[in-house]
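The structure appears below as C-alpha cells.
Proteins get letters first, then strands, A, B, ... in listed order; numbering begins at 1 in each.
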Protein chains: 2
Amino acid sequence: MTPPLSSLPTKGPTGTEIAEWIRAQIRANRLVPGQRLVEVDIIRKTGGSRFKVREAFHRLAAEGLIDLEEFRGASVREASMDEVRQFYRARAALEGLCAGDFARKASKHEKERLESLALRMEECVENGTPELFGSLNAEWHTLIMQGGGNSVVEMLVKRLYTPVHHLLFETFYRSDRLREAIEDHSRILEAVLNGDPEAAEKAMRAHIENGHTFLAELDRAVHHA
Amino acid sequence: MTPPLSSLPTKGPTGTEIAEWIRAQIRANRLVPGQRLVEVDIIRKTGGSRFKVREAFHRLAAEGLIDLEEFRGASVREASMDEVRQFYRARAALEGLCAGDFARKASKHEKERLESLALRMEECVENGTPELFGSLNAEWHTLIMQGGGNSVVEMLVKRLYTPVHHLLFETFYRSDRLREAIEDHSRILEAVLNGDPEAAEKAMRAHIENGHTFLAELDRAVHHA
DNA sequence: GATAACGAAATTGTTGACGATATTGTTCGG
DNA sequence: CCGAACAATATCGTCAACAATTTCGTTATC
C-alpha cells in the first residue's frame, strides 16, 4: 500500500472539537437559548462532516446543553429560572466541598496566588474593568477547584456553568454585585489562610447563593418592567 | 403530539433506549469495567441498527461511563479507587443538599414513607434479605432526592451512582455495613422528622462518607490478600 | 525456540444517497 | 381580506457500502 501523497493536513475537526466549538458559541452568547442548530450551518462554520456534527449533537444532548427533537433537529436548551436556581444550588454544594478541601490542603504557593487574585479583582472594581474581573473570577474558582483535588467535581461544575454563562456575564457589569463578590471572596480567602475548612465551605456556599439571589432579583425586576 | 415509542410497532430501539440497556448491563455487572463493547454484539442483543448503537456510545461517552478510542471502539470505563472516592464525595455533597431541603419541606406523607422504609430495611437485616435491602435503599435515596425538589441534582447523582453500582451491590451482603447504614438512616430520619435541615444534611453526608470508608477498607483488604 | 515480517480477518470510521417529516410558500374558495 | 388545502422546499433519520485501522494468526529467518 502506497499512500501516495501527504494528504494529511486537510483533516477536519473531530466530534469532540465541534462540541467544544458549540459550547464556546453558547458561552459567548453567539448561540442564544431556543436557537436552532442546523446541521448544514455547523458544517459550513466548522468544516466538519455531517457525521461528526451529529456526534457532537448527541454528546451535547447527553450533557443537557441542547435539545434534540425528532425531525426538528437541535436547539439550544433554555433553562427556566427554577432550573437556574437548581444549577446554582448544585454548584454551591460542589464548590463548597472544593473550598473546604482547598482550605485543608492548599500549598503556600496556592494561597499566595489566591490572595493575589483577590487583590487584582479589587482593582478591577475600582478601575471599572469588568471583562478582566470575569476572567480573574474564573481563575479564582478554577484554582480552588483544582486545588481541592477532585477532578470529578470540577467537571460537574463546569457543566453547570455553561448553561448560565451568559447570565453570569451580565452581573460583571453590576458594580454593586462586584463589591458584594469582593467581600465574599475576602471571607473565603481568610478561611483558607486560617486553614479552616468548614468556614471556607460555608463562605463559598454563601458566595454562590448570593450570586443566584442577585440574578433572581435582576430577573424579577426585568419581568416587572 | 408525541407519537412515542409504543405506537411504532416494527421499529427497533432508539439510541436512548440502547444507552439505557447498556447502563442496565453495567449496573447488573454483566458488563464489567474494561470490557470492550463491540458494535455488532450490541446490535445482535438489542436489535438496534449500527447507527443507533453509535449514537448510544457517544451519549454514554459524554456521561463518562464508557471510553471511546479511535479505531478501537468502546469499552466500559473503569474507575480508579481515587476516582471512586471523588464520586462518593460529590454524592455526599449533593445528597446532603437534598437531605437538607427534604427536611425543610417534606410533607407528612413523605415523612411517613421515609419512616416506613427505614423500618422495612431494619427487617431486611434481621431476615437476611440483602437484595430487598438494596431496592429499599434505592427507594430511600430516591425519595429524599425527589422530595428535595432539585431534579438537576437528582440527575447528577444518578450518573455518579452507575459507575460504582457493582461495588455498592457487594456491600449489601455485609451485615456489619448494613447495621451501620441502619444507624445512619435513623439519624437522618430523626433530623427530617424534627425538621432540622442542617442535621439532616450532616447526617446524610456522614452516611455516604461511611459508605465509602467501608468500600475503601474492603478494597484495601482485598489488595493485601 | 524466539522474533520479526507478513497477511487475513475483524472492527471501526466515513461518505453518500434516499426516504420521512417538518416548514414554508402558494393557490383557491369564501 | 382571510383561512384552509395543497405543493415545494428544507431539514432530518436511516441505511448500506466502502475505506482505514487494528488485531491476531502464520510463516520465514536467525
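- One can place CZ of A:R54 at 4 Å from P of D:dG13, the figure rounded to the nearest angstrom.
- Using bins of under 30°, 30° to 60° and over 60° for the plane-to-plane angle, the ring pair B:F169/B:H165 lands in the parallel bin.
- Listed nucleotides: C:dT15, D:dT14, C:dT21. Nearest to the side chain of B:F51: D:dT14.
- Closest contact between the side chain of A:F71 and the listed nucleotides D:dT14, C:dG19, D:dT21 involves C:dG19.
- We find that CZ of A:R44 is positioned 12 Å from C1' of D:dT11, with the value rounded to whole Å.
- Salt-bridge formation is not detected for the pair B:R120/B:E139: no Lys NZ or Arg NE/NH1/NH2 atom is positioned less than 4.0 Å from an Asp or Glu carboxylate oxygen.
- Where B:R36 and A:F57 each meet DNA chain D at their nearest nucleotide, the meeting point lying more 5' is that of A:F57.
- Residues A:F87 and A:A79 share a closest heavy-atom pair of CE1-CB, 4.0 Å.
- The interatomic distance linking B:E69 (CD) with C:dA10 (C1') rounds to 17 Å, in whole Å.
- A cation-pi arrangement, defined by a distance under 6.0 Å to the six-membered ring centre and an angle within 45 degrees of its axis, is absent between B:R85 and B:Y88.
- The CD atom of A:E70 sits 7 Å away from the P atom of D:dG13 (whole-angstrom rounding).
- Listed nucleotides: D:dT11, D:dT14, D:dT23. Nearest to the side chain of A:V38: D:dT11.
- The side chain of B:E39 sits closest to C:dT12 out of C:dT14, C:dT12, D:dT23.
- The residue among B:A74 and A:R50 whose nearest nucleotide of DNA chain C lies closer to the 5′ end is B:A74.
- Whole-Å rounding puts the A:L68 CG to D:dT14 P distance at 12 Å.
- For C:dT15, one of the phosphate oxygens OP1 or OP2 lies less than 4.0 angstrom from a side-chain nitrogen or oxygen of A:S49.
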